[in-house]
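Reading through the structure tokens given below for one structure.
Residue numbering restarts at 1 for every chain, and letters A, B, ... go by the order of the sequence lines.
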Number of protein chains: 2
Amino acid sequence: MENKYVYSFGEGLAEGTADMKNLLGGKGASLAEMASLGISVPPGFTITTEACLLYFDSGNRLPRKLWAEILTHLGQLENTVGKKFGDASNPLLVSVRSGARVSMPGMMDTVLNLGLNEETTQGLGHQTGDTRFAFDCYRRFIAMFGNVALGIDYGRFETILARKKKKRNIQVDTDLTAQNLESIIHQFRALIKKNVDEEFPDDPMAQLKQAIQAVFLSWNTPRAVTYRKLNQIPNDWGTAITVQAMVFGNMGTSSATGVVFTRNPATGEKKFFGEYMINAQGEDVVAGIRTPNPIAELEAEMPEAYNSLVNVYQKLENHYRDMQDLEFTIENNHLYMLQTRDGKRTVSAAIKIAMDMVYEGLISKQEALMRIPADQLDQVFHPMIDSTVTSKALAKGLGASPGAAVGKIVFTPERAQEMAEKKERVILVRMETSPEDIHGMSVAQGILTARGGMTSHAAVVARSMGKPCVSGCSDLHVDFRKKKCSLNGTILKELDSITLDGTTGRVILGAVPLIRPRLTSNITRMMSLAGENRTLTIRANADTPHDAFVARDFGAQGIGLCRTEHMFFDEGRILLMRKMILTDDPNKQAETLKKLLPIQRGDFTQIFKVMEGLPVTIRLLDPPLHEFLPNASKEIKILAKEMKLSQSALVKKISSMRETNPMLGLRGCRLGIVFPEIYRMQTRAIIEAACKLVKKGMKVFPEIMIPLVAHVNEFTKVRDEIVEVAQEIIEKSEVKLSYQIGTMIELPRAAITADEIAKEADFFSFGTNDLTQTTFGLSRDDAGSFLTSYLEQGVLEKDPFVTVDEAGVGSLMKIAVEKGKSVNPDLHLGICGEHGGDPASIEFFHTLGLDYVSCSPYRVPTAILAAAQASIKHR
Amino acid sequence: MENKYVYSFGEGLAEGTADMKNLLGGKGASLAEMASLGISVPPGFTITTEACLLYFDSGNRLPRKLWAEILTHLGQLENTVGKKFGDASNPLLVSVRSGARVSMPGMMDTVLNLGLNEETTQGLGHQTGDTRFAFDCYRRFIAMFGNVALGIDYGRFETILARKKKKRNIQVDTDLTAQNLESIIHQFRALIKKNVDEEFPDDPMAQLKQAIQAVFLSWNTPRAVTYRKLNQIPNDWGTAITVQAMVFGNMGTSSATGVVFTRNPATGEKKFFGEYMINAQGEDVVAGIRTPNPIAELEAEMPEAYNSLVNVYQKLENHYRDMQDLEFTIENNHLYMLQTRDGKRTVSAAIKIAMDMVYEGLISKQEALMRIPADQLDQVFHPMIDSTVTSKALAKGLGASPGAAVGKIVFTPERAQEMAEKKERVILVRMETSPEDIHGMSVAQGILTARGGMTSHAAVVARSMGKPCVSGCSDLHVDFRKKKCSLNGTILKELDSITLDGTTGRVILGAVPLIRPRLTSNITRMMSLAGENRTLTIRANADTPHDAFVARDFGAQGIGLCRTEHMFFDEGRILLMRKMILTDDPNKQAETLKKLLPIQRGDFTQIFKVMEGLPVTIRLLDPPLHEFLPNASKEIKILAKEMKLSQSALVKKISSMRETNPMLGLRGCRLGIVFPEIYRMQTRAIIEAACKLVKKGMKVFPEIMIPLVAHVNEFTKVRDEIVEVAQEIIEKSEVKLSYQIGTMIELPRAAITADEIAKEADFFSFGTNDLTQTTFGLSRDDAGSFLTSYLEQGVLEKDPFVTVDEAGVGSLMKIAVEKGKSVNPDLHLGICGEHGGDPASIEFFHTLGLDYVSCSPYRVPTAILAAAQASIKHR
């Protein structure tokens with residue numbers, strides 16, 4: 001069979017349906033569907049996306065057969081409406097509108113009122129008895145065609161129009177007389193003649209052909225290409241084109257045009273919402289030349305049309321079972337629908353609409369959950385910039401941790417603490433942050449850095465703290481000595497106020513008002529629905545009792561990753577830590593570890609209490625020891641004195657611990673094997689804390705996790721030490737304590753040899769951050785120099801540190817799951833990397849058959865929802 | 001059926017055979033085999049290794065059944081020899097000797113003359129009419145039993161003996177009278193009484209039981225455990241024990257004992273070789289108290305026994321079809337064989353013996369090849385220390401690149417060059433080397449470093465240069481300012497002479513004479529045999545025409561890895577390189593690249609010429625750019641002047657390029673994607689050089705290799721650029737040039753997604769160095785801090801940078817091979833990591849089905865032999 005490239009619709013019939021979006025585009029499919037539903041749409045036909053690709057494949061030429069098929073459908077359209085294209089006495093005018101599979105708002109082109117020339121304009125005037133209207137259509141057509149098909153800047157037409165209005169002292173377009181418009185038309189044609197070699201085509205057929213080609217080509221304008229790259233829309237989808245009989249909202253005061261939503265897209269309220277404009281065509285509403293009226297006023301002005309519209313919107317919402325975004329035109333009191341599509345909405349609105357529709361019986365609970373954009377859910381939990389206040393950004397970085405923060409800028413963590421003690425709200429501004437900055441970060445409202453990406457230290461820590469962060473703001477330059485910074489040239493000094501928008505990455509001068517969104521009953525209901533509909537358990541990554549509390553409050557069912565290293569950065573502890581690391585004397589080391597023991601035991605006691613009845617996975621010390629060492633000369637001085645060493649000897653010792661590639665150096669379980677006393681102390685702290693609480697009648701489920709295992713022998717060696725220490729304490733305590741010992745799977749070798757390791761381990765927790773780094777051979781800290789370029793050039797589609805790389809890292813995980821389960825069917829499987837809070841990744845983890853994901857406390861709701869969605873989708 | 005734990009032998013019969021080594025140990029199996037062959041061995045029985053394990057499993061107790069089985073066999077032995085164990089009038093004496101599956105020389109214990117006490121010693125004297133002999137046996141027994149079963153240091157017995165000899169002014173043991181010996185026996189017993197709670201057991205049964213247990217336990221002495229760890233012998237093999245009727249080499253001048261080899265173990269010469277001692281027991285030969293006589297002299301002294309020995313040795317060599325290492329005892333002119341086993345030999349000897357035996361028709365060519373230890377083969381190609389000269393090592397490091405080097409020490413590459421120009425031989429001594437040291441390394445005789453392992457920069461480069469290197473010599477401390485170093489406390493100043501043994505890691509003071517081994521015709525014949533018997537092709541890693549020449553000379557069939565980065569470290573070039581890297585001006589960059597083009601083209605022209613007719617794989621620039629940047633302030637000064645920059649600005653720029661984990665940073669194809677002009681220049685240089693030579697009628701087969709690919713899109717992006725540049729040049733040149741474009745597989749992600757990449761690539765070359773680093777998450781540069789400890793503790797069995805880790809890295813390679821071949825059956829597969837020169841790894845690569853391995857030029861013969869062995873083994 002020959003390919004069919006053109007599909008007609010109108011008069012209650014259509015060749016297409018709503019589910020043919022891929023072929024007809026969103027607009028074409030919705031028009032076909034509305035026509036089939038008996039809703040009044042101007043008749044027309046849609047040229048398919050396949051035709052678009054054929055056009056490109058033919059070297060940007062319209063194949064003769066395609067053009068013939070178009071002409072056939074054009075003939076049918078003439079018959080349907082009883083007008084003739086190019087006929088001076090009874091002219092058919094058409095719109096030529098782009099429409100891709102998914103909406104690409106404003107990215108591609110449209111031409112209205114096509115088919116006009118001197119004669120047909122005259123004919124239109126005679127036919128309607130309204131010369132002004134005819135000229136209004138003609139000037140609109142020339143400008144749009146001139147812009148779309150001939151490439152003249154649209155602004156130049158607008159300038160001519162504005163100049164005329166000014167000259168005639170006219171405020172609104174509708175006050176332009178026929179004479180004014182005729183003069184404008186002459187000027188428009190003159191502008192085109194001056195700028196384009198070819199004559200403006202007066203032949204309607206030539207107009208149609210050129211317009212179709214121009215709309216096809218608009219698929220490949222740079223802005224469209226960029227938009228697709230940003231939104232991950234494949235280039236080979238192409239656009240469809242709908243050619244449709246014109247209806248006129250500009251045919252006097254009984255005509256109008258408008259855009260409406262079936263419910264409020266900002267709040268979700270079930271109330272018809274939108275705007276209309278009398279005597280106007282669609283683009284006037286968008287252009288904002290006149291202020292449109294709220295849709296409610298239409299009821300008084302055109303009661304009949306309004307009632308039709310209400311009927312149609314209810315019909316469409318019921319039909320599509322979702323909030324619709326509608327475009328309509330009223331021509332002489334008769335309503336025509338031009339478009340219907342699912343309306344964009346805020347997350348809050350999405351939640352309310354979905355919950356309401358469940359209540360209304362319109363959709364199932366599962367459908368409702370699928371309607372909430374999980375990746376944006378945390379917006380409803382973070383304070384945000386009051387969007388009613390306009391503000392201009394000084395600079396833009398990466399929206400690294402969502403929410404907004406207002407405060408006075410400081411450049412050192414010490415200063416941040418100082419100011420925080422004075423109850424000042426501060427924003428910590430750094431080139432980049434390091435673990436030594438933690439105390440400053442923890443008291444700041446937000447963090448701004450010049451370097452580092454979405455997974456930089458600043459970003460990760462900020463997200464785990466639920467603090468807004470803008471990272472990688474390359475227009476930021478800090479002069480620490482002068483306590484000043486410049487943002488895109490604006491000089492700010494210490495304690496100047498700024499506002500960060502951690503969602504969008506904007507940095508705004510001054511204190512912008514923030515609002516804290518309230519958790520509505522809809523959110524609560526939605527979350528509980530999500531909780532019921534998922535199979536994945538959600539845990540949180542929490543290192544402190546406070547984090548644990550927040551996580552539990554958000555619905556976390558345990559802690560999947562409690563990092564023990566952050567515990568050592570507290571003042572007092574860090575000094576002990578440094579002494580332990582830097583001494584060569586095993587006795588002194590043991591002594592220091594003895595001092596750290598009660599502190600660690602205290603940490604774990606608090607966390608176990610908060611998480612009573614739920615599992616807590618504690619990772620033994622992981623980072624390279626030199627991360628704990630001081631850099632600043634002041635700190636070195638203090639430490640040297642404390643250790644009774646010369647400063648130069650200390651500096652030498654410190655520098656001897658530096659590594660070429662610390663990420664691949666002496667860290668993780670390697671520490672535990674080379675310095676077994678550290679893990680023994682940590683095990684003692686965990687088990688002693690747990691035993692004491694169990695003795696008091698509490699339920700405690702510690703899970704001890706060994707990091708950076710590459711070989712099963714590493715695991716068994718450390719595990720045997722843990723068991724030895726733990727058993728001794730448990731026996732002495734005379735309590736029953738069940739604990740588990742498992743490992744991170746964060747190195748390719750661990751994944752590949754997972755069967756060997758699974759025989760020995762109670763659980764696996766995928767450390768997808770490090771697994772991504774080693775699988776790609778890509779350091780997060782250094783990736784900035786090329787990852788951006790990779791994403792821009794399309795070498796990588798997505799940042800693998802944000803969404804898990806299924807083909808590479810994911811394949812390794814799959815191997816690990818299969819091999820692990822094959823020898824140990826009881827193996828408990830989780831993931832605790834940054835990907836644990838990313839909905840796309842969570843869906844993948846669900847399909848892998850993991851038992852839980854663990855994410856930062858503030859991502860727990862997102863993860864719960866994403867888990868439910870994954871579960872529903874793959875039921 | 002009940003387990004059988006004891007096997008008898010003797011009198012032409014045996015329950016065991018030669019191939020029961022696992023059960024009977026090497027010694028037990030050889031005795032059984034010799035008995036079956038009708039060779040005269042003292043009769044006895046062997047207690048199996050399974051009995052040993054049973055003993056350990058029973059909590060170090062002899063199960064009653066086992067003891068009963070031993071006693072049954074002891075009874076049979078009494079019947080066979082017509083003597084009775086413990087019978088004062090006709091006593092049976094036995095030896096109790098350990099014997100594991102493989103020889104563990106001197107590691108485990110043996111007791112001779114067991115069964116003696118006051119009465120039986122008297123009986124033995126009466127029976128033989130030789131009281132002195134009886135006392136000699138008794139004193140030997142007490143000392144050995146006291147040492148082995150009662151734990152008294154053997155030296156204390158020797159001291160008593162020595163004191164007696166001194167007192168009596170006696171030179172050799174045989175001059176001790178019966179009286180002397182009796183007095184010694186009293187002193188021995190007194191020594192034991194004083195040091196051991198229990199009485200010395202006079203009951204022969206108790207002696208036997210204790211001796212058997214002591215020998216079993218000697219399997220687990222620390223020295224035995226360490227030996228097994230070093231030689232990768234599993235702990236759960238256990239040892240067998242042979243209990244055997246004593247025959248006496250110390251029964252006067254018609255008795256003797258000796259050790260002989262059927263051929264010369266040092267040279268391989270086909271000549272009976274060994275030593276004997278009259279009136280002695282076995283341990284006297286080893287102890288070196290008297291000088292033994294060359295075996296040839298035995299012919300005159302005991303012609304009958306000598307003839308028997310010649311018959312036996314010929315019989316045994318023919319039977320075992322290999323050179324044998326024999327132990328024998330002559331008792332009253334009657335020859336008894338106590339042991340036969342394959343004799344250890346030098347590599348040269350191994351080659352000669354194997355080739356001779358092929359000629360003699362004793363073994364097949366394939367068997368001959370299997371007999372050469374491939375991992376030691378390069379010994380025959382490197383100059384070596386004259387082993388006839390004794391020398392003492394000042395310090396010991398890692399034998400990182402084999403061979404020996406003599407020279408005067410220098411501490412900087414500049415000084416090395418300076419001295420080399422004066423025709424001085426120098427040894428470059430560094431803390432560690434970096435690419436900037438290349439020019440110094442290339443003129444030095446050998447390299448000594450304080451830091452870095454077997455695969456450190458120094459080691460890799462030295463091996464690729466075929467230069468001896470001792471790395472990681474922790475007792476080396478260098479004071480660069482004073483131009484001095486200390487080696488284990490000995491202070492050396494610049495230009496003092498030392499000798500390095502790169503095979504053993506020894507550093508020797510002064511110039512030790514070196515000898516250059518000549519390549520014998522046997523070596524040549526063996527290599528050509530190996531060449532015929534392998535399926536793997538062998539290529540070499542060579543960056544210079546000289547390396548390429550050496551490689552080809554050694555039989556390399558192409559270059560598998562030509563690194564282009566080393567080419568830029570030459571003076572003159574490095575400055576250009578630095579300017580290119582450090583400028584932000586694309587014009588200046590292009591200008592500099594233009595200057596580098598003819599230089600690179602020249603490099604490739606030379607290499608193509610040397611390798612005419614063979615493939616040359618050229619890897620595009622791989623290392624992080626900052627590796628090219630200067631560190632020394634002098635160099636920075638020069639560069640700043642050259643670039644017209646302030647020094648501080650330059651330092652800032654340089655430090656901005658530093659990376660946290662350079663190994664995982666901006667390198668490999670990432671460079672090619674971010675700075676495409678570099679790869680374009682390199683492609684141009686390769687293709688222009690090739691086209692020019694083809695035009696002259698030469699055959700050139702360039703293979704362009706893209707490094708560090710993680711994602712197929714990286715490969716296609718760079719490949720498309722290469723093709724574009726190459727096609728333009730080829731068309732312009734009007735020649736036919738076929739070239740290939742492939743990739744390194746050196747990241748786990750590349751291996752996992754090999755099917756996607758293989759669709760686009762002509763070849764894969766496994767970069768097992770980096771693949772090992774990323775699979776393990778282990779940086780070679782930093783592994784020193786824990787890898788040694790891992791190997792010592794048995795966490796890892798082998799250094800994964802020396803022998804490829806089959807379970808992890810190997811599995812990834814297997815996945816890559818299978819996935820790659822599944823979509824591209826023509827895919828050419830090679831490996832160019834350090835493992836390409838390691839025989840164990842080569843065997844694995846053979847089984848993987850790779851097409852070639854590429855190794856350093858000096859390892860080519862090793863690789864050829866290893867490939868042949870793999871091919872024969874897996875035929």
Side-chain angles (χ1 to χ4, degrees), chain A residues 624 657-671 673-674 708-714 716-717 746-753 756 770-787 789-790 793-797 800 805 807-812 815, chain B residues 624 657-671 673-674 708-714 716-717 746-753 756 770-787 789-790 793-797 800 805 807-812 815:
Chain A
M657 296 189 69
R658 297 266 171 254
E659 296 184 298
T660 314
N661 294 289
M663 158 81 208
L664 308 175
L666 179 56
R667 49 169 291 230
C669 67
R670 296 162 192 173
L671 288 174
I673 288 170
V674 178
L708 212 75
V709 164
H711 193 291
V712 62
N713 290 355
E714 297 176 306
T716 50
K717 185 150 197 85
E746 53 186 336
L747 294 173
R749 197 181 187 286
I752 285 284
T753 62
E756 293 175 12
D770 276 6
L771 191 57
T772 300
Q773 296 197 79
T774 45
T775 303
F776 273 87
L778 189 63
S779 151
R780 284 194 290 172
D781 296 320
D782 304 307
S785 59
F786 55 93
L787 199 52
S789 166
Y790 267 39
Q793 295 191 50
V795 176
L796 291 179
E797 274 183 26
D805 156 51
V809 176
S811 294
L812 279 172
I815 289 171
Chain B
M657 297 189 70
R658 298 265 174 256
E659 295 183 298
T660 314
N661 294 289
M663 158 80 207
L664 307 175
L666 179 56
R667 50 170 290 229
C669 67
R670 295 162 192 174
L671 287 174
I673 289 170
V674 178
L708 212 75
V709 165
H711 194 292
V712 62
N713 289 354
E714 296 175 309
T716 50
K717 186 153 198 82
E746 54 186 334
L747 294 174
R749 197 182 186 286
I752 285 283
T753 62
E756 293 174 12
D770 277 6
L771 192 58
T772 299
Q773 296 197 77
T774 46
T775 303
F776 272 89
L778 191 62
S779 152
R780 284 194 290 172
D781 296 320
D782 304 308
S785 58
F786 54 93
L787 199 52
S789 164
Y790 267 40
Q793 295 190 48
V795 176
L796 290 180
E797 274 184 26
D805 156 52
V809 175
S811 293
L812 277 173
I815 289 171

Top contributor to chain A contacts, counting heavy-atom pairs under 4.5 Å, from B:Glu756, B:Glu714, B:Arg749: B:Arg749
For A:Ser779, side chain to side chain contact (heavy atoms under 4.5 Å, CB included) partners two or more places apart: A:Gln773, A:Asp781, A:Asp782, B:Asn661, B:Leu664
Part of B:Asp805 lying under 4.5 Å from any heavy atom of chain A: side chain
Sequence-distant partners of B:Gln793, side chain to side chain contact (heavy atoms under 4.5 Å, CB included), two or more places apart: A:Ile673, A:Lys717, B:Ser789, B:Val795
Contacting region of B:Glu746 [heavy-atom separation from chain A under 4.5 Å]: neither
Closest non-hydrogen atom pair between B:Tyr790 and A:Arg670, with its separation: OH-CG, 3.2 Å
Structural part of B:Ile815 lying under 4.5 Å from a heavy atom of chain A: side chain
Rounded distance [0.5 Å steps], CG in B:Leu708 versus CG in A:Leu778: 9.0 Å
Region of B:Thr660 that comes under 4.5 Å of a non-hydrogen atom in chain A: both
Heavy-atom contact with chain A under 4.5 Å, split by part of B:Ala807: both
Chain B contacts, top residue of A:Val809, A:Thr775, A:Leu796 (heavy-atom pairs, under 4.5 Å): A:Thr775
Top contributor to chain B contacts, counting heavy-atom pairs under 4.5 Å, from A:Ala750, A:Gly668, A:Gly665, A:Ala751: A:Gly665
Contact summary for A:Pro748 and B:Thr774, nearest pair of heavy atoms: CD-O, 3.4 Å
Minimal non-hydrogen separation, A:Phe776 against B:Leu747, with atom names: O-CD1, 3.2 Å
